[in-house]
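Bear in mind the structure is a predicted one, so any value in this text is a computation, not a measurement.
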Amino acid sequence: MASKRTKKAAAKAGGTQHSPAGGAVYKILSVGSTILATKIATDAAQKGWKLATGRNVPVKGDFERERTRDVILFTALSSMAVAAARVAAERGAATYYRRSTGHLPKALEENTASPDDKKAHRKLAKAKHKAEKATQKAIDKATGSR
């Protein structure tokens, strides 16, 4: 475990060091785990549908046999399962990478706000304050209070 002085010295020295291979390793890890999670979630959704309804998975193009309601319901449920699995896999890959290397991949690190972003934020805050003030003035005028 590093002391506070060591951590401060590392932060002053430039923070974390990223190797050129680190980005590629993270991409492979992330894409691979996402593909695997998508496949598992799709299979689970199909088997869950068969188990819950006793019918085969509805096919989008089979208009004569399948009810639209079933197609929409299956699509919604399987999409949610796949999205949840992908998010979990990507987070798991990032956590594994961070534990292995001691830092997040460069693609996931927070970027600092640029001066243009800060200026836009101040301008937006000023406009918001002005709008709130005008709204309050209109309310006071309408209710007759000061």
Give me the atom names and distance for the closest heavy-atom approach of A45 to F74. O-CE1, 3.8 Å
Once you round to the nearest 0.5 Å, how far does CG of L29 lie from OH of Y97? 9.5 Å
Are side-chain heavy atoms of V87 and R91 found at a separation under 4.5 Å? yes
Does the pair W49 and L73 meet the rule for a side-chain contact (heavy atoms from CB on, under 4.5 Å), with working shown? CA-CA 10 Å; W49 180 267; L73 183 62; 4.1 Å; yes
Has S79 got a side-chain atom pairing as donor or acceptor with A76's backbone, closer than 3.5 angstrom? no
Spacing of D70 atom CG and T75 atom OG1 [to the nearest 0.5 Å]: 10.0 Å
With a 4.5 Å cut-off on side-chain heavy atoms, are K50 and V57 touching? no
Report yes if some heavy atom in the side chain of H121 is under 4.5 Å from a heavy atom in the side chain of K118; otherwise report no. no
Can you confirm whether K47 sits close enough to L51 that some side-chain heavy atom of one is under 4.5 Å from a side-chain heavy atom of the other? no
Taking atom NZ of K126 and atom NZ of K130, what is their separation to the nearest 0.5 Å? 7.5 Å
Heavy-atom closest pair, residues A93 and S33: CB-OG, 3.9 Å
Nearest 0.5 Å please: distance from the CG atom of D43 over to the OG1 atom of T38. 11.0 Å
Kindly indicate, with the supporting measurements, whether the criterion side-chain contact (heavy atoms from CB on, under 4.5 Å) is fulfilled by V71 and R67. CA-CA 7 Å; V71 173; R67 293 182 282 194; over 6 Å; no
From NE2 (H129) to CG (L124), nearest 0.5 Å: 13.5 Å
How many angstroms lie between atom OG1 of T34 and atom NZ of K39, to the nearest 0.5 angstrom? 15.5 Å
Please determine whether the number of non-hydrogen atoms from other residues, nucleotides or ligands lying under 6.0 Å from atom CZ of R55 exceeds 12. yes
